[in-house]
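Counting starts at 1 for both ligands and their atoms, following the listed order.
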Amino acid sequence: MNKKSLQYLQMHTDLESVINDLSPHMLGAKPAFTVEAKTPYDLFIETVEQAPIAISITDKKANILYANVEFSRVTGYQITDVLGKKESILSDKSTPREVYYDLWHTISNKKVWHGTLCNRHKLGHRYLADLTIAPMLDDRGIITHYIGMHRDITQTYEAEKKVSNHKLLIESVINSSPMAMVVIDDQDQVILDNHMYKTLVSDLDKGEPADYFLKLLRHELGKSWQEIQDKHQGFSNHEFKVESKANKPVRWYSCSGNWFIETSVNADAFFENVSKQYLILTISDITRQRQQLQELRLQSLKILISEDERIRGLRETLLGAMHQIQMPMNQIKASENILRHKNEQQYEGVIQNLVHIQESGLVAINTMEKCIPEITQSPFTSVNLNQILHDVLLLSDQRIEATGIEINWQPLTSLPTMLGSENRLRILFKQLIDNAIDAITTTKNLEQRIRISSDIDTDLIYVYIEDTGPGIPTDKRSKVFEPFYTTRPMGGNQAGMGLVIAKEIVNQHHGFIDIDHSYTQGCRFKISFPLQTPPARRNV
Ligand code: FAD
């Protein structure tokens, strides 16, 4: 023990009792007190003296009676500077009074106080003291002294504060993100999320959104999920359509993710390199972009369809005109043949005229034939008929809304694909739906409904389009597929070629189109196409 402290302690207190009071706390046994001998007591004194923590012993009024070397190093005061002075000499005067009140209330009630105070170093700078004060009692249980032990924790505090500020900064950056962000641990538990994610929890009726999107991602990525997880590879822009059970509109979300590895901070992992993998998942609502894309797509489809209708109209008009010219031409030919048969000189002039008329007619027909525009054939690709029917319904949306017709859309979920021309198939179904709308609007039927459904069996895909219009009489059912047969006035694209073209498109796709005889509430078209890859047949 340093001499100054020791002398001071001996002068101002009953040193023996202090040391004997102190020693059981430090040594567990009460040593025989001798200042000179190198006893366990000496060892105890040396331990206290050299302990790497600032130790001070005070009287009941916090006057310092003893301080060790570390106290001098931490506070900056020489031992002689502080002996006999109050502990308040260390105070920066910025610690709230309530803290001191709590301190004194605790220790004067014979309990140990532990807390953090703001101290001022002798050189003037502040430091944070992690302080423990224990009261020392005599045999009668009366407080005689206090022992204080403190460490300068300024650097640790600053480091902790930096980490927590850093965390706050990250959280505020994450929170200000317009995308939902969530950190998920290897047990799929949400560790951290942002405001947008919380909004998603309430907006979607899918439980925990992280679970919902993880399930979709795992399903979509299949075996690659494990691979990218093992290699810590990120993934981006996986888009999912989310249909809500309630009457909310369909929404689209895009998911991206990155993995990060955290080295464990647990004591268990101190000597082992234990790490944990987390997934940072970002979920963005891309419904608006999708809608804009869809609108653009619809616009281009509308242009394609209207161009096709224009060409079809022109073809039908010219074919109709040729058909109309051909009838009198046939009569003229018949008249020419009759006159030739009579073999009389007097008819020669008339015959020549009839030949000239036929020649001019033929020139006109040939000219018209050359003017018939070609329909461009688009290549066959893998086609989903549900998507085509959905497109057609969107294309006819305005007309359907204007007529107030109810659409009952019953697609078969997971409809297999077929080989076909998207554009041609769109024209086919648009024709059939337009016909159905026309038919319904001619009736005063209270139930105005079009039902569209898709189905499959082992080899074929079926589409049914039924309406609650007047229907097609049995004797006319075979004629409706003949050219220029129409129940409506002639002209434009209603020149009786609609179902002819529909049948032609169905034929090009190796399919069938029929009118269902069993349906009596209106008209039901049944269209069937071969599946792209028919399921393997069993050998019988
Ligand atoms: P003070 O007037 O000293 O005390 C403020 C309030 O504390 C009083 O209103 C009263 O409620 C209570 N109080 C003060 N003395 C007593 C008492 N004897 N009995 C009951 N209640 C009392 N303070 C530091 O700022 N830094 C330190 O490192 C530090 N170490 C200490 C170590 C020990 C062993 C002890 C016993 C005390 C220590 N203190 C320390 C507390 C210190 O004694 C002062 O209470 C504190 O510094 C406030 O000083 P002050 O002059 O502003 O107010």
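Those atoms of ligand 1 that come under 4.0 Å of a heavy atom in Leu131, given as number and element, are 29 (C), 30 (N). Residue Leu117 has at least one heavy-atom neighbour below 4.0 Å for each of these atoms of ligand 1: 23 (N), 24 (C), 25 (O), 26 (N), 27 (C), 29 (C), 40 (C). Close approach of ligand 1 to Ser91 is summarised as follows: ligand atoms under 4.0 Å from at least one heavy atom of the residue are 25 (O), 47 (O). Short contacts between ligand 1 and Thr58, defined as distances under 4.0 Å to a heavy atom of the residue, involve ligand atoms 34 (C), 36 (C). Listed by number with element, the atoms of ligand 1 under 4.0 angstrom from any heavy atom of Ile133 are 31 (C), 32 (C), 33 (C), 34 (C), 35 (C), 37 (C), 38 (C). Each of the atoms 24 (C), 25 (O), 26 (N), 27 (C), 28 (O) of ligand 1 lies under 4.0 Å from some heavy atom of Asn119. Residue-ligand proximity, Lys60 to ligand 1, at heavy-atom distances under 4.0 Å covers atoms 18 (N).
The shortest side-chain heavy-atom distance between Phe235 and Leu281 falls under the 4.5 Å cut-off.
Ser56 and Glu87 share a side-chain donor-acceptor pair at under 3.5 Å. No hydrogens or angles considered: nothing links the side chains of Asp138 and Thr144 as a donor-acceptor pair under 3.5 Å. Side-chain contact check for Glu406 and Asn408: no donor-acceptor pair (N or O, by modelled atom type) lies under 3.5 Å.
Within the 4.0 Å heavy-atom criterion, neither part of His105 lies near ligand 1.
For Glu49 against Asn68, the heavy-atom pair with the smallest separation is O-CB, 3.6 Å.
Some N or O of Trp104 is nearer than 3.5 Å to an N or O of ligand 1, by distance alone. For Tyr100, a nitrogen or oxygen atom sits less than 3.5 Å from a nitrogen or oxygen atom of ligand 1, counting backbone and side chain alike. Polar contact with ligand 1: absent for Tyr146 (N/O pair, distance under 3.5 Å).
The shortest separation from a heavy atom of Leu90 to ligand 1 is under 4.0 Å, placing the residue in contact. Using 4.0 Å as the threshold, Arg97 has a heavy atom nearer than that to some atom of ligand 1.
Atom CD1 of Ile228 is separated from atom NZ of Lys223 by 15.0 Å, given to the nearest 0.5 angstrom.
A side-chain hydrogen bond (donor to acceptor under 3.5 Å, both in side chains) with Tyr127 is found for exactly one of Asp92, Asn119, Thr154, namely Asn119.
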Apply ring pair (Phe, Tyr, Trp, His ring centres under 6.0 Å) to the pair Tyr253 and Phe240, showing each step before the final yes or no.
-> CA-CA 5 Å; Tyr253 292 92; Phe240 300 105; 9.5 Å; no
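For atom 14 (C) of ligand 1, the nearest protein heavy atom lies under 4.0 Å away.
Proximity of the aromatic rings of Tyr146 and Trp104 is defined here by a centroid distance below 6.0 angstrom, and this criterion is met.
Taking atom 39 (N) of ligand 1 as the reference point, the nearest protein heavy-atom neighbour is Glu87 CB, 3.7 Å.
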